[in-house]
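Protein chains get the first letters and strands the later ones, always in sequence-line order, with residue 1 at the start of each. For clarity, every value in this text was computed on a predicted model and none was experimentally measured.
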Amino acid sequence: MGGKPFYITTTLPYVNASPHMGHALEFVQADTLARARRAQGDEVFFSTGTDEHGQKIFEAAQRAGQSVQDYVDHYATEFQKLGAALDLSNDAFIRTTDPAHIKAAENIWRRCEAGGDIYKKTYAGLYCVGCESFKTEKECEGGKCPLHPNAELKEISEENYFFKFSNYQERLLAYLEQPNVITPEWRRIEAINFVKGGLEDFSISREASRLSWGIPTPDDESQVMYVWFDALTNYISTLGWPKDVEGNFQKFWTDGQTLQVAGKDQVRFQSLMWQAMLMSADIKNTDTVFYHGFITSGGQKMSKSLGNVINPLDLVEKYGTDAVRYILLRHVSPTEDSDLTLDAVHEYYTAHLTNGLGNLIARVMKLAETHLEPSDIARMETPHVRVDAMDDFQFNKAMDFIWEHVTGLDEYIASEKPFAVVKDEPEQGKEMILSCIKQLHAIATMLAPFMPQTSEKILAAIKENKKPENLFPRKE
RNA sequence: CGCGGGGUGGAGCAGUAGUAGCUCGUUAGGCUCAUAACCUAAAGGUCGCAGGUGCAAUUCCUGCCCCCGCAACCA
C-alpha cells in the first residue's frame with residue numbers, strides 16, 4: 001500500500017538564539033507527517049538541522065565571547081536536544097557547516113553560474129553602522145535608521161555576485177499554477193501576486209573582508225556566499241546531492257514526493273528563491289511547501305522583553321513529550337497564528353490528557369485486567385480507522401476526530417455500564433469490555449503519528465492486559 | 001486606495017443561506033469501572049458597525065471601525 005518514497009524537511013533554524021515554540025511546532029508537524037507516511041507503508045526520509053553561517057551568528061559569537069565554531073556547536077546541540085525531547089524521528093540532521101554541505105553549496109553555485117544566472121555587479125546601498133547591515137529606503141525614516149537614529153547612514157558600494165531572479169518570473173508563475181505547490185491556498189495566491197509584481201535580482205554574496213563566516217564563493221576568495229543561498233541548498237545536500245553515493249537524492253527527491261514545512265514568513269525564500277535556484281541548476285522543483293502559522297502568547301509575539309516566552313524544553317520537562325506534541329497539534333491552528341499561554345497549556349493538559357485520555361485508559365484497562373483473560377485479547381480483531389483530515393494538513397481536525405472516539409468510549413461506558421453488566425451477565429459483560437478494548441486499540445493506532453510514546457504504551461498495556469501507570473499525572 | 005489574516009455566549013475556537021456548534025469555566029443532577037475522574041442537563045450570544053440583494057444572512061455584496069502579520073536581500 002506504499003506510494004512513492006516520501007521526502008520531508010523542516011526549514012533549518014538559524015542558530016542565533018535558543019529554540020522556541022515556533023521551532024517546536026514546525027518539528028512536530030513535520031514529524032507527525034513523516035510518521036503518518038511510514039505508517040502507510042511509504043519509505044520516508046525526514047530531515048532537519050541547523051543553519052550556521054552568516055554575519056549575525058558571527059557577531060553573536062563575538063558578543064558571547066566564544067569562537068564561532070564553539071558557538072554554533074552549542075546551538076546545534078540545543079536544537080538536537082529539542083528534537084530528542086520532542087521524539088523526532090528524523091533520518092538526518094544537517095548542519096550547514098558540514099563539509100559535504102559546503103561542497104554541495106559550491107556545486108549548486110557553479111551550476112547556476114554555468115546556466116548564466118550569476119553575475120557580478122556593484123551594489124550600492126545605505127549602510128547603518130549601528131545595525132551593521134544595509135537598509136532599504138523604505139526601512140529608513142527621514143533618512144535615518146529607525147533603530148539607530150543617531151548613527152549616520154553611509155552610502156556604501158560593494159561588488160557582489162547577483163542571481164538573475166528576474167529570469168524566472170515566467171517559470172515561477174508556471175510552477176505556482178500548480179495548486180499543490182503551496183499550502184494553504186491563500187499563500188499560493190500571495191506568492192503569485194508577488195511574482196506578478198516583478199522580480200529583482202538579488203545579491204548572493206558578501207565581501208569576505210566584511211563577512212568572514214561563510215562559504216567562500218568558488219574561484220573567488222574575496223567573496224563569501226550570502227547565507228541563505230548556502231542554507232537553502234541543505235534540502236538536497238542532506239540527501240547526498242550531488243554525488244549521491246547512497247542514491248537517496250535520486251530516490252527521494254528526483255523520483256519521490258517532496259514536502260517542505262516552513263513558517264508563513266518563508267514564502268519568498270522557499271517557494272520563490274529556492275525554486276528559482278533549482279530551476280537554474282536544472283533540478284526538480286519541490287512538490288509542496290506547507291506553511292504553518294506563528295505562535296503568539298497573550299495576543300503578542302513572544303519576546304524576551306515582554307516576558308511571555310514559552311520555552312518548549314521547559315514544557316516538555318513539566319508535561320512530557322507527548323503532551324507538548326498534543327498541544328501543538330490539536331490546540332494550535334496548522335496555518336493560522338495561534339495563541340498559547342501557560343494557563344491554556346495547563347488547561348488542555350488537564351482536561352484532555354489527564355481527565356480525558358489518561359483516565360479513559362485507566363478505566364478501560366482496569367476493566368480488562370480484572371475481567372478478561374490473555375486468550376481473550378489474543379483472539380481480538382483490531383480494527384483500523386483512517387484519519388482523513390491528515391491528507392489536508394489539518395492536524396487539529398485529525399486530533400478532534402480521534403478525541404471523538406475518546407469521548408465516545410467514555411459515553412459508551414457510562415450508558416451501557418459494562419462494569420455492572422459483567423457482574424450479572426459475565427459473558428455479555430466480557431464482550432462489552434472487549435469491544436472497549438478494541439476501541440482503545442483503534443485510538444492508540446490513530447494516535448501513533450501524533451503521540452508515538454502514548455500510542456506504544458497503550459498498545460503494550462492492551463497486549464499485556466494490564467493497567468499501565470498513570471500516563472498523564474495531574475499537575476499543579 | 002500596498003498585500004494578507006481576523007473580529008461568533010466569561011475565555012479560546014468551529015461553522016453554515018433557513019432551530020448558532022465545540023472545548024474550558026459556571027450551576028444542578030447522575031454514576032461508581034476509572035486519576036475527586038466520567039455521563040446527563042441548564043444558564044449564558046442582537047455571530048464588529050451600517051447599508052444592499054434574497055422568501056430568508058452570522059453565512060453573499062458594498063462601505064466603515066478595530067486587532068494582527070507582511071511590505072524582498074531579513075537565515
* If you look at every strand shown and take non-hydrogen atoms under 4.0 Å, does A/Gly198 touch a base, only sugar-phosphate, or nothing? -> base

* Quick one: label A/Gly54 by what it contacts on the DNA or RNA (base, sugar-phosphate, nothing), any heavy atom closer than 4.0 Å. => nothing

* Would you mind classifying the nucleic acid contact of A/Asp51 as base, sugar-phosphate or nothing, using non-hydrogen atoms under 4.0 angstrom? => base

* Asked: Is the closest side-chain donor-acceptor distance between A/Gln260 and A/Thr11 under 3.5 Å?
  -> no

* For the residue pair A/Trp403 and A/Tyr326, does the interplanar ring angle fall in the parallel (under 30°), tilted (30 to 60°) or perpendicular (over 60°) class? -> tilted

* To do: May I ask you to decide if A/Glu190's main-chain N or O and A/Asn193's side chain share a donor-acceptor pair within less than 3.5 Å?
  => no

* Asked: Stacking between A/Phe419 and the base of B/C33 (centre distance under 5.5 Å, interplanar angle under 30°)?
  -> yes

* Would you indicate what A/Lys423 reaches in the nucleic acid, counting non-hydrogen atoms under 4.0 angstrom: base, sugar-phosphate, or nothing? => sugar-phosphate

* Which residue lies toward the 5' end of RNA chain B, A/Ala414 or A/Glu347, if each is placed at its nearest nucleotide? -> A/Glu347

* Asked: Does B/A37 have OP1 or OP2 sitting under 4.0 Å from an N or O in the side chain of A/Arg474?
  -> yes

* What is the distance, rounded to the nearest whole Å, between atom CZ of A/Phe194 and atom C1' of B/C73? -> 10 Å

* Asked: Looking across every strand, which nucleic acid part, if any, lies under 4.0 Å from A/Asn355 by heavy atom: base, sugar-phosphate, or nothing?
  -> sugar-phosphate

* To do: Would you indicate what A/Phe294 reaches in the nucleic acid, counting non-hydrogen atoms under 4.0 angstrom: base, sugar-phosphate, or nothing?
  => nothing

* To do: Round to the nearest Å and state the distance from A/Lys417 atom NZ to B/U32 atom C1'.
  => 10 Å

* To do: Scan residues 324-343 of chain A against RNA chain B and write down, sorted by residue number, each residue with any heavy atom closer than 4.0 Å; if none is found, say none.
  => A/Glu336

* Sugar-phosphate, base or nothing in reach of A/Glu52, heavy atoms under 4.0 Å -> nothing

* Structure fact -> Rounded to whole Å, OH of A/Tyr412 lies from C1' of B/C31 at a distance of 16 Å

* What is the base-pairing partner of B/C70, counting Watson-Crick and G-U wobble geometry with both distances under 3.5 Å? -> B/G2

* Asked: Relative to the ring of A/Phe27, is the ring of A/His23 parallel (under 30°), tilted (30 to 60°) or perpendicular (over 60°)?
  -> parallel

* Any Lys/Arg nitrogen of A/Lys397 or A/Asp392 sitting under 4.0 Å from an Asp/Glu carboxylate oxygen of the other? -> no

* Could you give all pairs that pass the salt bridge (charged side-chain N to carboxylate O under 4.0 Å, His left out) test and reach residues 333-348 of chain A, with sequence neighbours left out? -> A/Lys264-A/Asp337

* Side-chain N or O of A/Lys366 less than 4.0 angstrom from OP1 or OP2 on B/U35? -> no

* Listed in order of residue number, which residues of residues 181-190 of chain A have a non-hydrogen atom at under 4.0 Å from RNA chain B? -> A/Trp186, A/Glu190

* Contact under 4.0 Å: A/Lys264 side-chain N or O vs B/G4 OP1/OP2 -> no

* To do: Indicate, with a heavy-atom threshold strictly under 4.0 Å, whether A/Ala344 touches base, sugar-phosphate, or nothing.
  => nothing

* **CG-CG distance between A/Asp98 and A/Asn234, expressed to the nearest 0.5 angstrom** => 10.0 Å

* Should A/Lys467 and A/Glu369 count as an ion pair when the cut-off is N to O under 4.0 Å? -> no

